[in-house]
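Step one of this worksheet: look at the structure below.
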Amino acid sequence: MTTSNSENIKKKFGGRLRQIRQNMGLSQEELAHLCNLDRSYMGGVERGERNISLVNIHKIADALNISPREFFND
């Protein structure tokens with residue numbers, strides 16, 4: 001996988017996370033607290049700056065009460 005592909009995947013994931021979070025009326029800080037993650041980490045994920053782990057994807061999905069697959073639906 002090329003660097004540009006991995007960057008695109010991270011940005012797409014982050015954008016989807018932001019969309020879901022905002023639709024649920026949660027701030028980054030509120031979601032981070034529910035996931036037991038740092039707010040600055042959550043911001044980095046949403047901006048596509050972080051290569052998020054599967055464990056953290058599951059933490060976020062659990063906090064949002066959704067399936068992890070929701071992050072990857074187009």
Side-chain angles (χ1 to χ4, degrees):
M1 182 176 304
T2 66
T3 302
S4 62
N5 275 348
S6 65
E7 294 299 316
N8 188 38
I9 290 167
K10 291 187 291 186
K11 286 189 182 292
K12 190 172 181 180
F13 179 89
R16 181 71 177 135
L17 170 58
R18 178 180 289 124
Q19 178 185 41
I20 293 169
R21 175 184 60 75
Q22 289 175 338
N23 287 345
M24 293 185 164
L26 294 170
S27 68
Q28 281 183 352
E29 188 171 4
E30 289 168 326
L31 180 56
H33 178 74
L34 290 172
C35 302
N36 198 27
L37 296 170
D38 190 82
R39 191 222 42 89
S40 63
Y41 175 82
M42 194 66 64
V45 170
E46 286 189 1
R47 290 187 301 275
E49 298 170 354
R50 299 277 189 159
N51 192 8
I52 187 169
S53 72
L54 289 172
V55 171
N56 287 343
I57 290 172
H58 274 271
K59 283 183 182 182
I60 294 168
D62 287 346
L64 293 171
N65 199 30
I66 63 171
S67 167
R69 93 174 38 185
E70 293 297 317
F71 297 119
F72 303 99
N73 290 345
D74 288 325

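- Atom SG in C35 sits 11.5 Å away from atom CD in Q28 (nearest 0.5 Å).
- Within the structure, the salt bridge (Lys or Arg N to Asp or Glu O under 4.0 Å) test picks out no pair touching residues 24-40 (sequence neighbours left out).
- Once rounded to the nearest 0.5 Å, the distance linking OG of S27 with CE of M24 reads 14.0 Å.
- Under a cut-off of 6.0 angstrom, the local environment of CG in N36 is sparse, with at most 12 non-hydrogen atoms contributed by other residues, nucleotides or ligands.
- Checked for salt-bridge contact, E46 and R21 meet the test: a charged N lies under 4.0 Å from a carboxylate O.
- Of the residues listed (V45, L31, N56), the one engaging L37 in a side-chain contact (heavy atoms from CB on, under 4.5 Å) is N56, and it is the only one.
- Legend: ring pair (Phe, Tyr, Trp, His ring centres under 6.0 Å) pairs involving residues 19-67, not counting sequence neighbours: none detected.
- Contact check for L17 versus M42: side-chain heavy atoms found under the 4.5 Å cut-off.
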Do any side-chain atoms of residues 60-71 form donor-acceptor pairs under 3.5 angstrom with protein atoms, and if so which ones, sequence neighbours left out?
| residue | atom | partner | partner atom | Å |
| --- | --- | --- | --- | --- |
| S67 | OG | R69 | N | 3.2 |

The test is side chain to side chain contact (heavy atoms under 4.5 Å, CB included); show your working for F72 and I57 and say whether it passes. CA-CA 11 Å; F72 303 99; I57 290 172; 4.2 Å; yes

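- Put simply, the side chain of K10 does not reach to within 4.5 Å of the side chain of R47, judged on heavy atoms.
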